[in-house]
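Let me begin by presenting the structure, written as structure tokens, before commenting on it.
Not measured: the values here are computed from a predicted model. Only heavy atoms go into these numbers, but all of them, side chains included; no hydrogens, no water, no symmetry mates. Every chain is numbered from 1, with letters handed out A, B, ... down the list of sequences.
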Amino acid sequence: MHRHLSVSMADYQKIAHALQKSEGEPVHIRGWIYRTRSSGKLAFVVVRDESTIIQVVAEKERLPDEEFAGAQKALIESSVDIEGLIHEDERAPGGREIHATSFRVIQFAEDFPITEDHSTEFLLDNRHLWLRSRRLTTIMKIRHTVVGAIHEFFRSRGFYEFHPPILQPSQCEGGATLFEVKYYGDTTYLSQSWQLYAEAAVFALERVYDVAPTFRAERSKTSRHLSEFWMAEMEAAWMELDEATQYAKDEIKFVLRRVLEHHERDLAYLGRDPEILRALLDKEWPTIKYREALEVLAEHGMDVPFGKDLRTLEEEELMRHFDTPVVVTHYPKETMAFYKPRDPQHPDEALCFDMLAPEGYGEIVGGSQRSTDIEELMESLEQQGEDPRNYEWYLDLRRYGSVPHSGYGVGVERLLAWICALDNIKDAIAFPRTVTRKSP
RNA sequence: GCCGGCGUAGCUCAGUAUGGUGGAGCACUCGGCUGUUAACCGAGCGGUCACCGGUUCAAAUCCGGUCGCCGGCGCCA
């Protein structure tokens, strides 16, 4: 059962390719058993590979006894190497099947734990096996396209890919949510954001971006939170708030366009109507101020006093009035992170923005112009209980040729969850990490 | 952190109100079947009823406690 396995360098086709062949043409595929059933002299074995699935018919009279016996008894997820002839038959799923002339089992799988009844918890415990499901395979392919599109978007616009440290001594988004790491007898932390380091980089490279893991030890148990997630961030010198929000809209539209080009059928398989996304491409995505959002909420009986951040409930109510993503700017300065600058025109507002996705998916982008005022920065740090002396290197960036600059981050899994209409963000990443989930 | 729900076979669940020899479907094994579509038919295998304690002649069921998980909220991408 645990023998050494080997493969030959024969001429194999992807199943998707084999499915395009005509009646009687020979094919040679390899993959894993997806479904199987047999009667006395026939076995119907549906085989999957990375591309798709196809039904293989094994007939007792056409195969050596040993191979037919193998086809009959091989359990789901056994690995197989099959040669045969394409046969068009309306009884086959997809209208085409393979009549096997050779059926080699590479490894007889043990009883596969995942069957048709399953709880989300069980599937998470067996994530290393559930990864093979069509659902997760499809999502991972779309994720590949989303991340590729983000790289393409920024590179084609003159941005440099820049890598910040993952181990960082100071915080960016609030102290309670840091993961501590032992560091040669000292303590350091996993990155919550690349931002402070990206700000250092824009004085050299001017425009930088990155897609990198981010760690937040928030005790959030919701369908929108992960402890380890990927953030696609950009930071640009000589850029103010308006241009940054426009970049965010352009980037998300670009990603949608690439996904629609490559994954229309995948989206449909996941239950996401591609037309809903396509309709967004030609529309203008509104930008409103936080104060205007409060007015919309007040008209619908939700009185939020200026100064409170929008809660999930309020974001959802707000988004009921829009059918596209919406950018909300100028949140109250007092609740915002220390690096978000005051608006000189309205000192109680910060030059910052969030992008909210429709259909209840909420915040997918967060960003701001960055404060260049050392006094303001030190004051905000102290207000948030921080010691400005820990941020000397960051303050240095304002002492040597400071310029206006802005940046934002896109939550890759949140974006993916919205694009794929997932009901839980955990399915947007291969091995999710949450408050209560750290394995496999 | 707060609120709600759940924990019984490998998996998904019923059984708990009203205590009385632990069930079903799926998976797996064996037998049958030459066109299956989550195949079907028959048989078999399979249990620390989350854990600890209590009440009782008798506890999956009642009482007390503990642990774990899921979801919502807060916070955030």
Side-chain angles (χ1 to χ4, degrees), chain A residues 34-46 53 55-62 68 72-73 75-77 87 89-95 97 99 109-126 129-130 172-177 192-195 211-233 248 252 308-316 331 335-337 353-357 360-367 408-418 423-426 428-429 434-437:
Chain A
Y34 182 70
R35 298 281 182 267
T36 178
R37 41 194 167 260
S38 65
S39 53
K41 294 175 183 173
L42 270 178
F44 299 96
V45 182
V46 179
I53 58 176
Q55 173 164 285
V56 175
V57 182
E59 291 162 282
K60 189 174 172 63
E61 287 168 12
R62 292 212 196 180
F68 181 73
Q72 267 197 318
K73 81 170 197 208
L75 301 180
I76 283 176
E77 288 304 317
H87 178 59
D89 192 315
E90 61 185 15
R91 291 167 297 188
E97 61 191 12
H99 281 211
E110 296 178 28
D111 190 3
F112 199 63
I114 298 173
T115 59
E116 64 264 27
D117 287 321
H118 43 239
S119 61
T120 51
E121 190 192 341
F122 181 77
L123 292 177
L124 283 168
D125 283 339
N126 289 282
L129 302 176
W130 183 233
C172 179
E173 302 283 343
T177 64
Q192 278 182 318
S193 166
W194 83 324
Q195 187 201 312
V211 184
T214 299
F215 305 88
R216 297 205 182 159
E218 293 161 4
R219 302 196 71 82
S220 308
K221 290 188 281 184
T222 79
S223 56
R224 298 182 308 283
H225 285 85
L226 294 166
S227 303
E228 174 183 316
F229 63 97
W230 287 67
M231 191 129 77
E233 302 178 270
I252 303 301
K308 296 210 75 171
D309 205 350
L310 296 183
R311 295 177 303 164
T312 308
L313 197 69
E314 287 130 18
E315 282 185 2
E316 281 172 6
Y331 284 82
T335 61
M336 291 290 117
F353 75 100
D354 283 350
M355 186 191 291
L356 308 178
Y361 284 90
E363 186 177 352
I364 53 173
V365 183
Y408 64 82
V410 178
V412 171
E413 288 79 11
R414 284 192 180 174
L415 175 60
L416 199 55
W418 168 53
D423 53 17
N424 197 307
I425 198 170
K426 289 173 195 168
I429 189 165
T434 67
V435 187
T436 53
R437 169 69 57 185

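Within the structure, every side-chain polar atom (N or O) of A:Asn424 is placed at least 4.0 Å from both OP1 and OP2 of B:rC70. Between A:Arg224 and B:rG71, a side-chain N or O to OP1/OP2 separation shorter than 4.0 Å is absent. At B:rG74, one or more side-chain N or O atoms of A:Thr312 fall inside 4.0 Å of OP1 or OP2 (strictly under the cut-off). One finds a side-chain N or O of A:Thr436 lying less than 4.0 angstrom from the OP1 or OP2 phosphate oxygen of B:rC70. Contact annotation: A:Lys308 does not reach the phosphate of B:rC75 (side-chain N/O to OP1 or OP2, under 4.0 Å). The phosphate of B:rC75 (OP1 or OP2) has no side-chain N or O of A:Thr177 nearer than 4.0 angstrom. Between A:Ser220 and B:rC75 there is no side-chain N or O to OP1 or OP2 distance below 4.0 Å.
For A:Ala58, the side chain to side chain contact (heavy atoms under 4.5 Å, CB included) partners at least two apart in sequence or on another chain are A:Ala43, A:Leu63, A:Phe68, A:Ala71, A:Phe103. Every residue meeting the side chain to side chain contact (heavy atoms under 4.5 Å, CB included) condition with A:Lys308, not counting sequence neighbours, appears here in chain and number order: A:Val304, A:Pro305.
Using a 4.0 Å heavy-atom cutoff across all strands shown, A:Lys73 reaches no nucleic acid atom at all. Residue contacts shown for A:Thr214 are absent, as no nucleic acid heavy atom lies under 4.0 Å away. Nucleic acid contact class of A:Lys221 (heavy atoms, under 4.0 Å, all strands): base.
For A:Thr222, counting side-chain heavy atoms from C-beta on, the closest listed nucleotide (B:rA77, B:rG72, B:rU36) is B:rG72. In this structure, the nucleotide among B:rU12, B:rA77, B:rG35 sitting nearest to the side chain of A:Phe44 is B:rG35.
Stacking annotation: A:Phe112 is not stacked on the base of B:rA27 (requires ring centroids less than 5.5 angstrom apart and an interplanar angle below 30 degrees).
For A:Lys41 and B:rU36, the NZ to P distance is 17 Å, given to the nearest whole Å. For the pair A:Glu218 CD and B:rG74 P, the interatomic distance rounds to 13 Å; values are reported in whole Å. For the pair A:His99 NE2 and B:rU34 C1', the interatomic distance rounds to 12 Å; values are reported in whole Å.
Note: A:Trp130 and A:His118 have tilted aromatic rings, judged against thresholds of 30 and 60 degrees for the angle between ring planes.
Rounded to the nearest Å, the gap between the P atom of B:rU16 and that of B:rC57 is 24 Å. When the C1' atom is compared between B:rC70 and B:rG15, the two are found 22 Å apart, to the nearest whole Å.
Residue-to-nucleotide contacts include no donor-acceptor pair under 3.5 Å from the side chain of A:Arg437 to the base of B:rC70.
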